[in-house]
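Since we're looking at a predicted model, the values are computed, not measured. Per chain, numbering begins at 1; letters A, B, ... match sequence-line order.
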Protein chains: 2
Amino acid sequence: MADGRSRAAQKGREMDDRKLRILLAVIDDYVHTAVPVGSRTISRKYETALSSATIRNEMSDLEEMGFLEQPHVSAGRIPTMKAYRLYVDSLLSGGTQVEEADSVREFFFDRVRQMQDVVESAASALSELTRYTAVVLMPKQLDLKVSCLQLVPMNTGSALLVVITDGGVIRNQVIRVSENLDSDALYAISKVLTSRLAGRTLQQVTEALAIYSRYSGADQEVCGAIADMASQMARQTGTDTIAVSGSHNILNYPEYSDVDKARAFLSVLETKDKLLSFLPEEREGFTVRIGPEMGLREMADCAAVCTSYRIGGGHTGTVGVIGPARMPYGRIIGILETVGEALTGLMGETAR
Amino acid sequence: MADGRSRAAQKGREMDDRKLRILLAVIDDYVHTAVPVGSRTISRKYETALSSATIRNEMSDLEEMGFLEQPHVSAGRIPTMKAYRLYVDSLLSGGTQVEEADSVREFFFDRVRQMQDVVESAASALSELTRYTAVVLMPKQLDLKVSCLQLVPMNTGSALLVVITDGGVIRNQVIRVSENLDSDALYAISKVLTSRLAGRTLQQVTEALAIYSRYSGADQEVCGAIADMASQMARQTGTDTIAVSGSHNILNYPEYSDVDKARAFLSVLETKDKLLSFLPEEREGFTVRIGPEMGLREMADCAAVCTSYRIGGGHTGTVGVIGPARMPYGRIIGILETVGEALTGLMGETAR
DNA sequence: GTTAGCACTCTTTGATGGTGAGTGCTAACT
DNA sequence: AGTTAGCACTCACCATCAAAGAGTGCTAAC
């Protein structure tokens with residue numbers, strides 16, 4: 001029994017180069033066909049030098065090692081979550097191929113560029129490119145500082161309040177103002193407001209205005225509206241803003257030909273909390289969650305590939321792709337890298 | 001043969017009150033259960049005074065008249081598109097019940113209100129309330145007139161250009177400006193621009209700026225950007241802006257338990273042209289397209305219920321619900337009425 | 001260490017027969 | 001005449017069963 005642990009007996013249980021090649025071949029084939037892959041397939045399509053029997057032996061070992069499994073005893077093998085994990089890890093350690101950079105950029109240029117818009121078109125571009133579900137998360141920005149406030153006249157009695165923050169986040173809202181304020185008067189108010197409030201966080205603006213409005217009788221109305229908006233912005237930028245696109249792409253994949261499964265998947269995407277639960281905290285590089293790592297029963301056979309992008313002020317957002325565990329990770333990571341870079345670029349531009 | 005057309009022979013083919021009641025009962029039952037309904041069901045649940053045999057005779061007549069059909073010879077009956085049409089027409093001629101007004105309004109109030117946002121939250125509210133797919137169309141506005149242009153300083157070298165039109169449509173974009181323009185200088189430019197351009201349509205603004213920029217050397221950059229934006233806005237507001245929400249609700253209904261059907265449905269929603277093809281031109285009241293009236297093979301067993309809402313300037317947008325032909329039209333129409341009114345209210349507010 | 005051969009397993013597919021819901025028709029009833 | 005009971009008939013649905021095919025594990029030979 002003691003030599004059950006000897007080198008010879010262990011031999012079959014160690015990962016060697018050939019085993020790895022076979023495993024990758026199985027993964028590759030399964031990713032494309034979604035059909036359990038048999039030894040003969042590998043023998044003919046990938047390792048033509050080896051016979052199916054040899055492959056069979058190796059696959060048997062790989063199964064014992066936990067990288068493959070059989071849906072039933074006489075079907076081919078399919079990769080386990082552990083196999084995908086290995087596969088992804090090997091991808092991430094090497095460099096990733098970037099080929100689709102051009103088409104990615106094309107997707108962006110035609111569109112209006114403002115924070116929200118950018119986030120949405122990024123999601124839509126990403127889902128179209130990958131044919132999976134794309135998620136883009138706007139960074140939380142609890143410490144946004146106001147850099148400019150301006151009132152733009154609309155009709156008499158109403159004006160558009162524009163707030164610009166250092167992160168480049170722009171928000172505007174229509175407010176009611178006293179009817180005898182013309183364009184110049186509004187501008188004068190804007191200047192005063194900006195000089196007093198610039199550099200403060202949204203939270204501080206809310207507080208400051210509560211005090212300020214006591215002293216200025218006439219503009220009380222305006223101050224109230226601004227305070228409202230500031231606190232609303234603070235709330236909004238403190239919460240996560242999410243853009244999801246291409247959620248129905250999931251229907252293209254046979255693992256979701258069961259409508260109930262598809263519905264479960266889609267309903268997770270609708271539930272902000274659940275969605276956030278498996279999107280990683282901001283961090284460098286790529287994060288890949290596979291199967292149980294997602295932490296949700298409904299997502300037990302899914303995977304999520306995420307990366308982060310930067311906007312001004314040290315804030316980072318998250319962008320990712322969600323699909324069945326059987327995904328072409330290499331391609332996804334390549335696309336995601338480009339999209340992440342494009343986002344960093346565009347957000348920078350908007351923010352500057 | 002001539003008296004084959006006599007009153008007696010025709011008798012069974014005329015719609016009388018009892019036939020109508022039975023037809024409505026079949027529709028009602030089928031709408032809720034999605035199962036072909038048999039004579040016995042009607043006899044027990046609806047027309048308890050009549051025996052199943054009598055119902056059977058009437059249903060047979062109704063089938064001959066084209067209001068009912070049998071999926072196969074010994075199944076119950078299901079309503080035809082013609083039946084839904086009759087049903088909807090009778091609903092529309094009477095008043096509609098509005099019960100859910102409160103919950104509709106609640107849905108709106110928490111949200112940011114700006115044109116685009118309003119349209120989107122309307123779609124989302126509508127789909128959540130009805131559990132069907134909701135579509136909201138922003139009105140085309142080819143004749144929008146600029147009422148105000150203003151440059152708001154951001155960092156040095158860039159400014160936010162805000163354009164306000166008479167329809168209340170607000171658009172803003174970051175543009176680069178000469179670095180030695182401070183807040184006051186930008187305001188001065190804004191005043192000049194507004195005074196020269198106010199009242200013109202976006203198209204005219206584009207043209208005017210092409211000329212104007214020849215004379216003013218320094219601000220050429222700014223003018224170019226404005227011209228760009230104006231033409232972009234003109235293009236955008238000339239095109240239809242569509243918000244679709246709850247498209248996956250379709251999966252809740254058994255007629256779409258076939259994934260291929262669901263996919264076909266969803267892909268229509270993604271194709272702007274197809275989507276627009278069955279949304280009615282602006283018109284008063286409710287429009288209901290049923291089955292073949294949709295004009296798309298993929299939508300042959302669907303229905304769309306639409307109504308319109310008004311924004312300032314005589315423009316009207318469209319809001320609608322899409323689902324299987326088997327829909328609780330009464331409820332849908334009620335909800336749609338409230339949403340339409342709410343939209344008219346909110347858009348008015350934004351626009352004023 | 002690799003491969004050919006073979007028995008075995010288990011899904012898939014198609015055919016078969018029974019069951020039940022629902023109909024149409026006829027004859028009797030009001 | 002309109003309504004109802006009764007009955008034969010049809011057809012989807014379901015379970016059962018057998019044949020086919022794909023793929024494996026094991027053994028023996030190379």
- Any Lys/Arg nitrogen of Glu69(B) or Arg77(B) sitting under 4.0 Å from an Asp/Glu carboxylate oxygen of the other? no

Please list, in numerical order, the residues of residues 26-43 of chain A that have a heavy atom closer than 4.0 Å to any atom of DNA chain D.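 The stretch gives Gly38(A), Ser39(A) as the residues lying under 4.0 Å from the strand, ordered by number.
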
Nearest to the side chain of [X], heavy atoms from C-beta on, is which of [options]?
X	options	result
Asn57(B)	dC10(C), dT4(D), dC25(C)	dT4(D)
His72(A)	dT23(C), dT11(C), dA4(C)	dT11(C)
Leu50(A)	dT3(C), dT24(D), dT23(C)	dT3(C)

Any side-chain N or O of [X] under 4.0 Å from OP1/OP2 of [N]?
X	N	value
Arg77(B)	dG24(C)	yes
Arg56(B)	dC7(D)	no
Ser74(A)	dC10(C)	no
Ser51(A)	dT3(C)	yes

(Q) Working note: Arg85(B) + Glu293(B), criterion salt bridge (charged side-chain N to carboxylate O under 4.0 Å, His left out); need CA distance, chi angles, decisive distance, verdict. (A) CA-CA 10 Å; Arg85(B) 168 53 52 202; Glu293(B) 299 164 14; 2.6 Å; yes

Whole-Å distance, Glu63(A) CD to dC26(D) P, equals 11 Å

For this session: Indicate, with a heavy-atom threshold strictly under 4.0 Å, whether Ala53(B) touches base, sugar-phosphate, or nothing.
Result: base

